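Being a predicted model, the structure only gives us computed values, none of them experimental.
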Amino acid sequence: MARYDLLVKGGMLVLPYVGTVRADLATRDGRIAAIGADLDPADAAEVLDANARLVFPGAVDAHYHLGIYRSLAEDAAEETRSSLVGGATTVLSYFRTGQHYLNRTGAYADIFPEVLAAVDGRAYTDYGFHLAPMDTAQVGEVPTLVGEHGVSSFKYYMFYKGFNLSADSRDAKSFTMSDEYDLGHLYQIMEAVAAANGPDRRVSLSLHCEQSELMRLFIDRVRAAGDPQTLKAYSDARPPLTERVAIGEATTLAGATGCPVNLLHLSSADALDAARAARAALPGADIRAEVTLHHLCLSYDALTGLGGKVNPPIRTVADTEALWAGVLDGSVDWVASDHACCTEEHKGDALWPALPGFGGTALLYPLLISEGMHKRGLSPARIAELASANPARAYGLWGRKGNLVVGADADLAIVDPDLEREVTTDLLLSGQDHCPFEGRKVRGWPVATVVRGHVAYRDGAVTGEPQGMYVTR
Ligand SMILES: [Zn+2]
């Protein structure tokens, strides 16, 4: 029997917080078993020639929406397949009760096992879930979800107290199916999440920051002005000021409760400013910041149609550059896709009822390398931190995911930094039939993605059956 299952020979290993080193890497039983200058191919059952390409730790795509518009089973199969294209080997998906998803409410004690059963055996990547306590009874489930189900992150949506998901209805109560969904509810969630933290365990609350009372005014104004059906109108209707105010509210409560928070998908210069200001005002608080690929790389004036409708909206070029500056100066902790498979049929041809979101997981490493490394000088190690190590640390995966060290899961993205491809829907292997990044030339793609020692994707095609497993955190 061979000493190793897989040997990755001749690669440049990208070590977060350290740098890039030329070394071989061998795996056994799904974990990294050896790293060395010259490991013997005769010791391995399978050899993958990395040929001086970059070997990244598999990305942890920390913002994802399995099952939001289609079944969990279908999304698990088709969307995690797309993740392999972008070098993601773990996805952390948001789930909540209420409209969309399973379209009902109830106890997570009943519903969460059903979610896990629907995904089981179908995912190509490892996966975990962030859960949103939507009503008071679910807040009471936080200790059990942490202790028994390995869920160490939760979510609150600041604008659901006033609007539904597409912002075409203010009947928020039938959308959330909740008893109370206000700042009082948020405060209770933060108390419960703060209490679940231990010396070795970060339990956190993720926040979608848009302020619904201001949205009401600006949406009414934009619609009264003649209802222009553009992404610019959508941004005007939920402007960066709504993010700034929501971040102020959320971080004030985080400071008061001691709850670790993640400010999700900051979309604008204003939002990033507000996050920096909150950190400065609350030096003891644990406040982490996320940006998405689309807020970094898309602006509304370069897009036509409604495929790019998303919450928070796509902004201006100046906003994208402010977010890149935050990535470069370290204000931003990680980059995620906020992947939600949303077809053209889901979008329709009217701005307000169009469902928000779209896929992007297949572009996680490619866009960071193309736009971050080639165009803006981000180092490979820093890219590994943004895509893998930092989300792994924030969400209870550090030690297993996010790094190339002996003993960690053998999750790898082997990237050719000079491979250039134009984005097409075919290339991305997702169930989504359009893509706001379509036509963009991107330089730097995974040529192989390895999930726990199995080569799951190679040269543009998935290899083998889904092997993804649920990760407790
Ligand atoms: Zn999202």
Side-chain angles (χ1 to χ4, degrees), residues 60 62-63 92-97 107-109 112 128-161 176 178-211 243 245-266 271 274-290 331 333-334 336 390-399 471-473:
V60 175
H63 194 150
L92 297 177
S93 193
Y94 285 93
F95 181 84
R96 59 165 174 75
T97 54
Y108 280 121
F112 191 50
F129 288 92
H130 319 273
L131 296 179
M134 299 302 288
D135 61 26
T136 308
Q138 289 175 354
V139 178
E141 293 189 274
V142 166
T144 328
L145 289 167
V146 174
E148 288 172 26
H149 296 275
V151 174
S152 62
S153 45
F154 298 87
K155 185 172 185 182
Y156 180 81
Y157 305 75
M158 302 290 287
F159 78 91
Y160 282 2
K161 64 179 168 177
T176 57
S178 173
D179 49 355
E180 296 291 349
Y181 201 79
D182 55 9
L183 290 183
H185 181 67
L186 171 57
Y187 189 90
Q188 278 190 309
I189 298 173
M190 286 187 171
E191 287 178 321
V193 170
N197 274 269
D200 300 315
R201 179 157 66 186
R202 180 180 193 254
V203 182
S204 63
L205 183 68
S206 293
L207 292 138
H208 180 127
C209 295
E210 291 181 280
Q211 213 282 343
E243 288 187 280
V245 173
I247 288 166
E249 290 178 341
T251 53
T252 301
L253 298 191
T257 56
C259 179
V261 293
N262 316 303
L263 305 176
L264 300 184
H265 49 44
L266 303 178
R276 289 189 181 115
R279 283 174 175 156
L282 301 160
D286 178 348
I287 300 171
R288 307 202 190 178
E290 172 191 274
S331 306
D333 293 290
W334 64 87
N390 287 352
R393 289 168 75 182
Y395 290 124
L397 291 169
W398 191 237
V471 284
T472 57
R473 301 179 289 117

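The aromatic ring centres of F95 and H130 sit 6.0 Å or more apart. Checked against a 6.0 Å centroid threshold, the rings of Y157 and Y181 do not count as neighbours.
Checked by atom type, the side-chain pair Y108/T144 shows no donor-acceptor distance below 3.5 Å. Between the side chains of H265 and H208, at least one donor N or O sits under 3.5 Å from an acceptor N or O. Judged purely by distance below 3.5 Å, without hydrogens or angles, the side chains of S153 and R473 pair a donor atom with an acceptor atom. No hydrogens or angles considered: a donor-acceptor pair under 3.5 Å links the side chains of Q138 and T97.
The side-chain heavy atoms of K155 and L264, taken from C-beta on, include a pair separated by under 4.5 Å. No side-chain heavy atom of P391 sits less than 4.5 Å from a side-chain heavy atom of L92. Side-chain contact between T176 and R96 is absent, with no heavy-atom pair separated by less than 4.5 Å. The shortest side-chain heavy-atom distance between Y94 and H63 falls under the 4.5 Å cut-off.
Contact record, T472 with H149: CG2-O, 4.2 Å, taken as the closest heavy-atom pair. Residue A278 comes nearest to T251 through the heavy atom pair CB-OG1, 3.5 Å, listed as atom of the first residue, atom of the second, then distance. Here the closest non-hydrogen pair linking S204 and V193 is C-CG1, 3.7 Å. Contact between G258 and A194 at its shortest, heavy atoms only, is O-CB, 3.8 Å. Looking at every heavy atom in both residues, P260 comes nearest to V203 through CG-O, 3.4 Å. The shortest non-hydrogen separation linking P283 to A280 is CD-O, 3.7 Å.
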Could you please spell out the steps behind the side chain to side chain contact (heavy atoms under 4.5 Å, CB included) verdict for V60 and L397?
CA-CA 9 Å; V60 175; L397 291 169; 4.1 Å; yes
Any chance you could lay out the side chain to side chain contact (heavy atoms under 4.5 Å, CB included) test for Y187 and T257, step after step, and finish with the verdict?
CA-CA 8 Å; Y187 189 90; T257 56; 3.5 Å; yes
Output, in order, the C-alpha distance, side-chain angles, deciding distance and verdict of side chain to side chain contact (heavy atoms under 4.5 Å, CB included) for L205 and M190.
CA-CA 7 Å; L205 183 68; M190 286 187 171; 3.7 Å; yes
Please lay out, stage by stage, how R288 and N390 fare under the test side chain to side chain contact (heavy atoms under 4.5 Å, CB included).
CA-CA 10 Å; R288 307 202 190 178; N390 287 352; over 6 Å; no
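How far CE of M158 is from CD of E210: 10.5 Å, rounded to the nearest 0.5 Å. One finds the CD atom of Q188 at 10.5 Å from the CG atom of D135 (value rounded to the nearest 0.5 Å). For the atom pair H185 NE2 and S178 OG, the distance stands at 5.0 Å (nearest 0.5 Å). Put simply, CZ on F154 and CD1 on I189 are 9.5 Å apart, with the number rounded to the nearest 0.5 Å. Here the CG-OH distance, from L186 to Y156, works out to 5.5 Å after rounding to the nearest 0.5 Å. Atoms CG and CG, on D333 and N262 in that order, are 8.5 Å from each other to the nearest 0.5 Å.
One finds no salt bridge joining D286 and R393 here, because no Lys/Arg side-chain nitrogen approaches an Asp/Glu carboxylate oxygen to under 4.0 Å.
Not a single donor-acceptor pair under 3.5 Å links the side chain of R201 to the backbone N or O of S152. In this structure a side-chain-to-backbone donor-acceptor pair under 3.5 Å is present from D179 to T136. Side-chain atoms of R202 come within 3.5 Å of backbone N or O of A394 as a donor-acceptor pair.
A side chain to side chain contact (heavy atoms under 4.5 Å, CB included) with I247 is found for exactly one of L263, V261, I287, namely L263.
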